[in-house]
Amino acid sequence: MTDRALFDVDSDPRWLIEIDGWHPDKEAGVEAVCALVNGYCGVRAAVEEGSAASNPATFLNGVFDAVHELVAQSAATPEHQVIAAPTPELVKAPEWSQLRLRVDGTTLDLDHCELLEQRRTLDMHRGVLVREWRLRSAGRTTRLRSLRFVSLDDRHVLAHVVEIVPEDWRGDLTIETRVDGDVTNEGGVRHLVDTAARQESGRLLLSARTTEGKVSLAIASAAELINSDGREVTGLAEADGPTLRHAWTVRVEPGRSHTLRKLCVTYTSRDDSQPAARALAGLDAAVAAGIATLHAAHADAWAARWQAADIEIADDDEMQRQTRFALYHLIGCANPDDEHASPGARSLTGERYKGHVFWDTEIFVFPFFVYSHPPTARALLMYRYHTLPAARAKAREQGYRGALYAWESTDSGVDVTPSFVINAAEERIEILTGVQEHHISADIAYAISQYWTATHDHDFIKAAGAEMLFEIARFWASRSERDADGRYHIRTVIGPDEYHEAVDDNAYTNAMARFALQRATETATWLQAQDESRWQSLSAALDLSVDEPAAWVEVAAALVDNLDHDTGVIEQHHGYFDLRPADLDSYEPRTQTMDVVLGWRPLTETQILKQADVVMMLALLPGTHPRNVHEANYHCYEPRTSHDSSLSASIHALMAARLGDLEDAQRYFAKAARIDLDFTRGVTAAGGVHIAALGGMWQALVFGFGGATASADRLTFEPHLPEAWGRVSIPLLWRGETMRSGAVNVRPG
Ligand code: IFM
């Protein structure tokens with residue numbers, strides 16, 4: 001492949017995210033939206049030479065560190081300044097694609113030159129970022145293009161190509177590419193220490209460790225500069241302090257190009273006990289293969305994933321592009337080869353929520369993998385299996401049995417939810433989700449069940465799934481309290497609607513707990529019948545008597561469900577309808593969340609919901625109630641929902657589509673799609689893309705518009721598709737078989 005072809009992007013704009021020009025105020029969002037992701041690492045699409053508006057970052061999945069000192073977060077308020085307990089966060093890795101260009105003392109970058117034109121293109125089909133730009137400074141015009149990718153074929157390989165062409169000048173140009181280990185997270189927090197750079201026979205190597213010493217990392221780098229005659233130019237390679245530098249000073253002529261080709265390979269002690277040796281060996285292999293071969297293998301790997309994942313929408317190009325945007329980030333958020341990492345709420349594209357893992361993974365993102373790439377789904381469940389000890393400890397600490405998973409989790413599974421936050425109205429809000437948002441444990445049971453149903457991976461259930469299900473059921477049995485009337489209650493919880501805390505009998509929590517208890521009981525029966533010896537060993541290890549599962553199903557049957565049989569409405573939690581009604585429309589148009597508009601305390605006294613709660617439960621458990629209950633609850637709660645969480649819109653799209661209300665369904669689907677892509681509304685993606693919203697879009701398409709329903713023995717479809725979309729084709733893997741062609745076709749003929 002020629003260098004020229006390397007810069008090619010797909011000719012079909014429905015595969016592209018194109019960002020023209022330069023808008024400093026939107027740059028933070030653009031960097032996240034166009035980030036390169038391969039599940040192992042994520043690279044924000046910052047301009048390589050940096051700018052005042054840039055926030056470049058490379059994140060390595062699962063690399064967390066907490067700084068054990070009091071940290072200045074911001075100078076805004078005294079409360080802001082100190083976090084008493086260190087909160088682990090996803091660490092920024094060395095910046096591997098820094099570019100410095102200088103001519104006659106002038107730096108060629110956006111802060112010092114006039115930008116004549118610029119286009120950044122994320123080619124989602126091939127997983128590459130191509131940038132083309134022209135700069136003018138001191139009467140000199142320079143044309144540049146660059147290509148970056150993080151390989152999906154070999155996830156440790158990072159590639160960068162830059163072509164520089166002076167249009168109308170000649171002179172001495174210094175070209176420098178760096179790997180910079182001097183990086184800090186938001187707030188200036190330094191996680192990488194003991195940074196050491198060295199040279200090893202032409203290759204450069206940077207190594208560092210995190211402050212807690214849990215992870216060591218290494219990045220090896222090689223670069224070459226080729227002139228327009230195809231000849232390599234001799235340059236300088238330097239390992240200096242925390243920085244690796246390759247540099248050349250060349251005489252450039254109008255119309256004659258110089259092309260920089262750089263390869264980096266990174267490993268951490270999470271991957272190998274000798275990350276430096278692995279990085280160097282990996283670099284040798286990558287250099288021997290060459291960028292063209294690596295690019296082709298990477299594009300093939302993306303093609304294979306698209307084959308199993310692409311949802312085709314025939315007649316609506318924008319919807320098609322937005323759907324692919326969701327699929328691109330979903331494919332790139334998780335690594336099937338890593339059982340000890342799971343995507344954070346903003347994937348590997350930004351620092352919001354510090355890379356912490358929420359229920360977003362199991363309930364929003366996970367189904368996409370179940371039906372398009374089961375090995376990734378399995379790895380994500382194994383992450384929860386490996387963090388089971390921490391979940392057991394959390395249950396014990398709160399006085400319960402079994403496993404209570406962390407509301408916010410990192411590498412160990414210990415709950416890392418912060419204890420307070422200062423909101424946009426400058427109020428100090430205690431965060432109770434870490435101690436009260438317990439539905440996460442039921443959500444994980446739901447994910448295990450969904451995976452098992454769709455894959456029939458019985459080995460996983462025997463090895464890990466059953467143990468998690470049993471411990472989760474144990475938790476819910478001990479968490480439920482029996483009243484004199486014989487009914488069970490789950491008290492003092494937060495449901496998905498986080499605007500109401502310490503509530504009793506949250507409908508979502510109770511229904512999901514019931515589901516978990518039932519599924520665990522069925523699993524015990526299944527295991528006893530299928531694999532007596534595994535049942536014996538597991539029940540002995542867990543000290544689980546044969547009677548315990550029978551007790552779980554009793555609790556499940558007697559858990560209150562808040563259903564009013566006359567109206568079909570399910571009260572969101574005990575006393576919800578006694579709260580003050582509020583007319584959300586009267587606050588429109590609004591740009592702030594309702595906790596800011598009303599203030600936290602007054603808000604909690606209203607019926608305003610942050611996000612889908614009863615509607616969420618019905619979306620996940622469609623078979624538990626008849627259609628009239630779905631309708632009654634959608635119509636009851638939809639006007640009360642503020643959608644202040646990005647997790648809400650897609651679930652409303654799903655429910656509205658199921659109910660055949662295509663107008664609402666499309667409105668909510670478009671709202672979900674805009675969360676990251678609408679730069680005119682500010683930079684909501686600045687802290688990273690909203691991976692749950694993107695997973696929710698997939699579910700709205702598949703379970704809502706596509707009407708897919710999985711039952712014990714089959715997958716059925718009852719499509720509700722907008723006429724304007726034309727033919728829609730959805731590929732789904734079901735027990736090893738791909739179901740695609742004509743799976744859903746709205747347009748007869
Ligand atoms: O998990 C969500 C939660 O439901 C709402 N607040 C943001 C979290 C992370 O996305």
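These values consider heavy atoms only, across backbone and side chains, with no hydrogens, waters or symmetry-generated copies. When a ligand or atom number is given, it counts from 1 through the structure's own listing order.
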### Message
With heavy-atom distances below 4.0 Å as the criterion, list the atoms of ligand 1 near Leu647.
### Response
2 (C), 4 (O), 10 (O)
### Query
Where's the contact between Lys610 and ligand 1, heavy-atom distance under 4.0 Å: side chain, backbone, both or neither?
side chain
### Query
Just which atoms of ligand 1 are under 4.0 Å from any heavy atom in Gln611?
4 (O), 5 (C)
### Query
Is it true that Asp338 and Arg270 have a side-chain N and a carboxylate O under 4.0 angstrom from each other?
yes
### Query
Below 4.5 Å, heavy atoms only, C-beta onward: do Asp65 and Val67 meet side chain to side chain?
yes
### Query
Which residue owns the protein heavy atom closest to atom 3 (C) of ligand 1, what's the atom, and how far is it?
Glu498 OE2, 3.6 Å
### Query
Is the closest basic N to carboxylate O distance between Arg667 and Glu638 below 4.0 Å?
yes
### Task
Please report which non-hydrogen protein atom sits nearest to atom 9 (C) of ligand 1, along with the residue it belongs to and the distance in Å to one decimal place.
Asp360 OD2, 3.3 Å
### Query
Would you call the rings of His438 and Tyr400 parallel, tilted or perpendicular, where under 30° means parallel and over 60° means perpendicular?
perpendicular
### Query
In terms of side-chain geometry, is the basic nitrogen of Glu471 or Arg474 positioned less than 4.0 Å from the acidic oxygen of its partner?
yes
### Query
Which residue holds the protein heavy atom closest to atom 4 (O) of ligand 1, what is that atom called, and what is the gap in Å?
Trp359 NE1, 2.9 Å
### Query
Which of the atoms of ligand 1 are close to Ala345, meaning less than 4.0 Å from one of its heavy atoms?
9 (C), 10 (O)
### Summary
min-distance protein heavy atom vs atom 7 (C) of ligand 1 -> Tyr353 OH, 3.2 Å
### Task
Go through Phe364 and Trp698 one step at a time and tell me if the ring-ring contact (aromatic ring centres under 6.0 Å, His included) criterion holds.
CA-CA 9 Å; Phe364 289 84; Trp698 182 89; over 10 Å; no
